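Reviewing the structure listed below.
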Amino acid sequence: MLLATFPISLTHAQLQALPDKDAQCVFVGEGRTITVLLHNPSSSPVTADLRTRLYQASSATAVSLGETPWKKLTILPGQTVLESATLAFPSIKAETRFVIKWLEGKNEVIGTTEVMVYPPDLLKSLKPLAGEDPLGVLDPQNQLKPLLKAVAVECQDLEDTALEDYHGKLAIIGPFQSKAQLREDLPNRIKALARRGVAVVWIQLPPEKRHALKPSFYTVPEGKGAVVVVQSNLAAGLAERPQAQLNLIDLCKLALAPEPLGLPNPTLNDTRP
């Protein structure tokens with residue numbers, strides 16, 4: 001565990017930066033928002049001048065990238081508050097782990113936050129998945145097409161071309177924002193597409209306030225192909241969320257090579273293929 005390489009002494013610190021359950025994920029660049037829970041365990045209000053110190057980490061070393069004043073806060077006794085800091089992350093070529101030390105007063109470390117940082121070209125991984133043909137895209141919100149263009153992934157706009165006329169191997173249908181963007185015959189057209197051997201990832205509408213419990217995604221075999229039906233939250237914020245892009249890539253792989261469902265094995269590590 002990386003955070004073990006950053007020991008924290010809270011002997012004199014009055015505030016605590018509580019650890020996240022999972023690492024936060026952002027793209028490289030400036031203006032990236034990192035959240036932190038700050039807790040005052042004492043019986044008195046605490047006013048503190050806080051700073052951040054950023055490290056780029058590897059399995060064996062951590063390189064300090066500098067320290068930045070953050071803000072002055074007053075936190076009431078026993079109170080826990082959610083705050084956010086805006087940081088810049090340097091250019092990288094692959095997934096890279098960074099660590100933020102939260103500092104109070106004279107170099108007192110009150111906690112750390114782990115951040116996974118990603119390059120902006122994650123979606124280039126869709127190009128080899130699509131093969132020699134363009135990637136089919138039905139994207140009424142115009143969320144995905146600009147991202148594909150930016151990483152030179154050729155796509156065929158299925159709003160201009162009927163689904164029946166698409167002859168590639170992989171199609172992404174969605175995201176959608178409203179029912180007005182859906183044709184009534186869309187499910188049947190998607191079925192026909194899959195029966196011809198096309199792997200389809202179908203991103204659903206955002207759920208209404210009251211909706212039946214559904215899995216986050218599931219695979220439906222159709223003829224020579226398969227449709228992976230995906231709840232909208234897995235692909236929400238494609239432009240801003242690395243996890244949404246990683247999810248989309250994995251879902252496309254699943255549509256191309258569906259795997260039968262089975263019971264989980266808790267003795268195996270869960271690693272991304």
Side-chain angles (χ1 to χ4, degrees), residues 20-37 82-87 89 95 98 113-127 129-130 135-151 153 155 157-159 170-183 186-187 190 199-220 226-256 258 270 272-273:
D20 294 322
K21 180 180 178 182
D22 300 304
Q24 299 183 47
C25 299
V26 297
F27 284 112
V28 299
E30 298 182 355
R32 305 307 180 202
T33 299
I34 305 299
T35 59
V36 60
L37 279 172
L82 177 65
E83 290 288 340
S84 62
T86 301
L87 300 176
F89 293 90
E95 175 189 78
F98 288 76
T113 295
E114 186 174 353
V115 183
M116 300 305 298
V117 181
Y118 295 86
D121 59 353
L122 289 178
L123 290 180
K124 69 181 181 182
S125 298
L126 294 176
K127 189 170 186 177
L129 296 181
L135 174 68
V137 176
L138 180 58
D139 178 27
Q141 291 293 108
N142 201 37
Q143 294 183 20
L144 182 56
K145 287 178 289 188
L147 301 176
L148 295 174
K149 183 178 180 180
V151 294
V153 175
C155 65
D157 192 339
L158 300 181
E159 289 187 89
L170 176 62
I172 300 173
I173 310 299
F176 299 96
Q177 188 61 39
S178 69
K179 290 183 179 179
Q181 297 171 335
L182 299 173
R183 287 178 46 169
L186 182 61
I190 290 175
V200 181
V201 173
W202 183 10
I203 303 170
Q204 300 294 286
L205 278 168
E208 298 178 354
K209 291 183 179 180
R210 296 180 63 86
H211 62 282
L213 180 64
K214 296 179 181 179
S216 59
F217 67 91
Y218 56 93
T219 304
V220 181
V227 181
V228 178
V229 181
V230 182
Q231 299 308 314
S232 60
N233 62 302
L234 287 186
L238 280 167
E240 302 85 21
R241 293 179 57 234
Q243 190 59 59
Q245 295 192 15
L246 293 170
N247 290 343
L248 183 60
I249 293 167
D250 283 349
L251 292 162
C252 287
K253 291 178 181 178
L254 180 61
L256 288 162
D270 182 16
R272 183 173 298 278

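Everything numeric here is computed off the predicted structure, so don't read it as measured data.
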Report summary line: Minimal heavy-atom distance between P187 and W202, with the atoms involved, is CG-CH2, 3.9 Å
**Report entry** Approximate separation, where rounding is to 0.5 Å, of L123 CG and L246 CG
**Finding:** 8.5 Å
Query raised in the report: Shortest non-hydrogen contact from L234 to S216?
Result: CD1-O, 3.6 Å
Under 3.5 Å, which donor-acceptor pairs do the side chains of residues 170-182 form with other protein atoms, sequence neighbours left out?
from : atom 1 : to   : atom 2 : distance (Å)
Q181 : OE1    : Q177 : N      : 2.7
Q181 : OE1    : S178 : N      : 3.4
Q181 : NE2    : Q141 : OE1    : 2.4

Query raised in the report: Closest approach of C155 and L148, non-hydrogen atoms and distance?
Result: CB-CD1, 4.1 Å
Requested in this report: Check A244 against A236 and note the closest heavy-atom contact, atom names and distance.
Outcome: CB-O, 3.4 Å
**Report entry** Audit row: K253, L129, side chain to side chain contact (heavy atoms under 4.5 Å, CB included) steps and yes/no
**Finding:** CA-CA 7 Å; K253 291 178 181 178; L129 296 181; 3.9 Å; yes
Requested in this report: Test L138 against L186 for side chain to side chain contact (heavy atoms under 4.5 Å, CB included), laying out the working first.
Outcome: CA-CA 11 Å; L138 180 58; L186 182 61; 4.2 Å; yes
Query raised in the report: Looking only at atom types and distance, does a side-chain atom of Q245 sit under 3.5 Å from a main-chain N or O of L238, one as donor and one as acceptor?
Result: yes
Requested in this report: Could you tell me which residues satisfy side-chain contact (heavy atoms from CB on, under 4.5 Å) with P207, sequence neighbours excluded, listed by chain and number?
Outcome: H211, S232
Query - Residues which pass salt bridge (Lys or Arg N to Asp or Glu O under 4.0 Å) with K145, listed by chain and number, not counting sequence neighbours - result: D157, E159
Report task. Identify which one of E95, R241, Q243 satisfies the side-chain hydrogen bond (donor to acceptor under 3.5 Å, both in side chains) criterion when paired with Y118. Result -> E95
**Report entry** Atom pair CD/OG1 of Q24 and T35 - distance to nearest 0.5 Å
**Finding:** 3.5 Å
Report task. Any chance you could measure I249, atom CD1, to K124, atom NZ, to the nearest 0.5 Å? Result -> 10.0 Å
Query raised in the report: Residues in salt bridge (Lys or Arg N to Asp or Glu O under 4.0 Å) with E240, at least two apart?
Result: none
Query - V28 to P120 - nearest heavy-atom pair and separation - result: CG2-CD, 3.9 Å
Query raised in the report: So how far is it from L158 CG to D139 CG, rounded to the nearest 0.5 Å?
Result: 10.0 Å
Query raised in the report: Which residues pass the ring pair (Phe, Tyr, Trp, His ring centres under 6.0 Å) test with F89, sequence neighbours left out?
Result: F98
Report summary line: Heavy atoms of V230 and F217 approach each other most closely as CA-CB, 4.2 Å
Query raised in the report: CG/N142 to CG/L147 distance, rounded to the nearest 0.5 angstrom?
Result: 9.0 Å
Query raised in the report: side chain to side chain donor-acceptor pair (under 3.5 Å) with K214: which residues, sequence neighbours excluded?
Result: none
**Report entry** Pairwise distance CG(L144) to NZ(K149) - rounded to 0.5 angstrom
**Finding:** 14.0 Å
